[in-house]
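Here is the structure we will look at.
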Amino acid sequence: MPKVTSLQLPINSEQPRIMHIDLNSCFAMVEQQARPLLRGKPLGVTNRKTKNACVVAASYEAKHRGVKVGMPFSEARLHAPDLILVETDPPKYHYVYQKLVNIMKGYSPSVTMKSIDEGIIDFTGTERINRRSLQEIGREIKARLKDDVGKHMTCNIGIAPNRFLAKTAAGLNKPDGLDTISYSNLRSTLSNLELTDLTGIAQRNEARLNGAGIYTPLQFLDAPSELLYKRVFRSVCGDDWYKRLRGWEVDDYESSVQTVGRQYVMDEWQPSEEALRARLSYLCETTAMKLRYKGLAARGVMLYLMYANGDHWYERRIFNQPFFSNSDVLTRASLLFNRRPKDDWVRMMSISCYNLQPSNINQVSLLEEVNRETWLTEAVDQINSQFGEFTVTFAASLPAKGLVKQKIPFGSTRYFELLCNSA
């Protein structure tokens, strides 16, 4: 049998074995489950209720009025004057997250959580255990979610031969959908979608496709691999899209972490120097905590500031030695902070660590001062783990405690668990 290459790759005709589960408007739905008086009402969830609050999750009632994730609360109220805004409550979401993970792991050992509210079950190799159809299993998962968490909980489930099409199927009939995309209905399904309905195709990629005469998902499906590779995406991404649309798996990998950081919109309109440094200290402390939790060290630091007049300033620097301790991150960020323009009020600050590498925290150094710093950091982490985060902390960070709240990390389930354990 001749080898099949991507240039002549057929549509995958194998039985769909991938299930994508997506909780509907997760944080808003969890709040409505926990607080029945909020059900049926337009609801927004934010990390901190201030004049500058931003909607990080919206209920379907709010979405139907035009409220979108990322929209400032002041703008959201123009769409829904009766919008109710509540602050995030991580322990609630962690409870639901753990329930969902436990349900999913009951069907296959191959479970991947893509984010706090999305997960994938790969049923490949479980045919002898799961003799029922995936549609039947999907209905059972929906029922178990209601039984284990609450009757208000719903989820979208998509079934397909690969992860991309399973996610596409999960978005076909929100809320509470259960759909399958397979060899038999792939073309009919794509015929009812727009290019931007496909995950990964936003305005820029849509324009690239349009430039090559591709205006619909069906035209995208029928486009030759060479056209996508050489003209549209001009990289191997074109070949990936050719395979992805045909149901072949190209997304079963975990992307590496490129940056670790925190940002904060100031709670004061005219913050003093002391207030700015307190918040910077806290952001550096929690950024260093994230680095160590991920087992990483950094060599680069970037500081970004936005001012009241709309101007932006940033500076970055690479250092000779990798670092991961609270004091190291703060010292390096302070070097940059001292160089900032001081002719206007700071509205937002962001700290990012980059040029990441595996941490050597478990390796003994030949330099005694390095060992002392490492052992002190480990001791502080152990104390904070046993007695609660920030039991031992910078004195400079104290004014910011209780003001700079942890944001819900949508794309990081590992750090989400750390956040909840310290809540």
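Each residue takes its place number in the sequence, starting with 1.
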Q: Could you tell me which residues satisfy side chain to side chain donor-acceptor pair (under 3.5 Å) with K230, sequence neighbours excluded, listed by chain and number?
A: E226
Q) Does a side chain donor of either T180 or Q135 reach within less than 3.5 Å of an acceptor in the other side chain? A) yes
Q: Any pair with a residue in residues 332-358 that passes salt bridge (charged side-chain N to carboxylate O under 4.0 Å, His left out), sequence neighbours left out, goes on the list, sorted by first then second residue, please.
A: E273-R340, E315-R339, D328-R332
**Q.** Single hit among K114, R163, E118 for side chain to side chain donor-acceptor pair (under 3.5 Å) with H20
**A.** E118
Q | Contacts of R39 that satisfy side chain to side chain donor-acceptor pair (under 3.5 Å) - sequence neighbours left out | A | none
(Q) Against the six-membered ring of Y229, is R231 placed for a cation-pi contact (under 6.0 Å from the centre, within 45° of the normal)? (A) no
Q. Taking only residues two or more places apart in sequence or in another chain, which ones pass side chain to side chain donor-acceptor pair (under 3.5 Å) with S110?
A. none
Q) Any salt bridge between R65 and D82, counting N to O under 4.0 Å? A) yes
Q: Could you list the residues that satisfy side chain to side chain donor-acceptor pair (under 3.5 Å) with N173, not counting sequence neighbours?
A: D179
Q) What closest approach, in Å, do L245 and L186 show between heavy atoms, and which atom pair accounts for it? A) O-CD2, 3.5 Å
Q.
For T126 versus S108, what's the shortest heavy-atom pair and its separation?
A. CG2-OG, 4.0 Å
Q: Before giving the answer on ring-ring contact (aromatic ring centres under 6.0 Å, His included), spell out for H312 and Y307 the whole-Å C-alpha distance, their side-chain angles and the decisive distance to 0.1 Å.
A: CA-CA 6 Å; H312 303 262; Y307 291 90; 8.8 Å; no
Q) How long is the gap from CD on E136 to CG on N130, to the nearest 0.5 Å? A) 10.5 Å
(Q) Test: salt bridge (charged side-chain N to carboxylate O under 4.0 Å, His left out). Region: residues 295-306. Which pairs qualify, not counting sequence neighbours? (A) none
Q. In Å, rounded to the nearest 0.5 Å, how long is the span from CD1 of I318 to CE of M302?
A. 11.5 Å
Q: Apply ring pair (Phe, Tyr, Trp, His ring centres under 6.0 Å) to F337 and list each qualifying residue two or more places apart in sequence or on a separate chain.
A: none
Q) Are I21 and I121 close enough, and set up right, to give a side chain to side chain contact (heavy atoms under 4.5 Å, CB included), and what steps lead you there? A) CA-CA 8 Å; I21 301 174; I121 307 177; 3.9 Å; yes
Q: Tell me, please, which residues at least two apart from T124 pass side chain to side chain contact (heavy atoms under 4.5 Å, CB included).
A: R17, D122
Cut-off 3.5 Å, no hydrogens considered: what does the side-chain donor-acceptor table look like for residues 24-38, sequence neighbours left out?
| from | atom 1 | to | atom 2 | distance (Å) |
| --- | --- | --- | --- | --- |
| N24 | OD1 | N156 | ND2 | 2.3 |
| N24 | ND2 | T154 | O | 3.3 |
| N24 | ND2 | T154 | OG1 | 2.4 |
| S25 | OG | A58 | O | 3.1 |
| S25 | OG | K63 | NZ | 2.9 |
| E31 | OE1 | K92 | NZ | 2.8 |
| E31 | OE2 | Y93 | OH | 2.7 |
| Q32 | OE1 | H152 | NE2 | 3.2 |
| Q32 | NE2 | L38 | O | 3.2 |
| Q32 | NE2 | K41 | O | 3.4 |
| Q32 | NE2 | E61 | OE1 | 3.4 |
| Q33 | OE1 | H152 | N | 2.8 |

Q: Answer yes or no: is there an ion pair linking D22 with K174, defined by an N-O contact shorter than 4.0 Å?
A: yes
Q: For A333, check side chain to side chain contact (heavy atoms under 4.5 Å, CB included) against everything at least two apart and list the hits.
A: L280, C284, V301, I351
Q: Test M104 against M113 for side chain to side chain contact (heavy atoms under 4.5 Å, CB included), laying out the working first.
A: CA-CA 10 Å; M104 293 171 64; M113 298 307 295; 3.9 Å; yes
Q.
Measuring from atom OG of S191 to atom CD of Q219, what distance do you get when rounded to the nearest 0.5 angstrom?
A. 12.0 Å
Q. Nearest 0.5 Å, what's the CD1-CD1 distance between I181 and I18?
A. 13.5 Å
Q) Please, which pairs that meet ring-ring contact (aromatic ring centres under 6.0 Å, His included) have at least one residue in residues 32-88, sequence neighbours excluded? A) none
**Q.** Pairs satisfying ring-ring contact (aromatic ring centres under 6.0 Å, His included), at least one member in residues 158-215, at least two apart
**A.** F164-W241
Q) After noting the C-alpha distance and the side-chain angles of Y107 and I137, does the key distance pass the side chain to side chain contact (heavy atoms under 4.5 Å, CB included) rule? A) CA-CA 9 Å; Y107 297 95; I137 292 175; 3.6 Å; yes
Q | Intermediate values then yes/no, side chain to side chain contact (heavy atoms under 4.5 Å, CB included), L198 and E194 | A | CA-CA 7 Å; L198 304 177; E194 303 291 336; over 6 Å; no
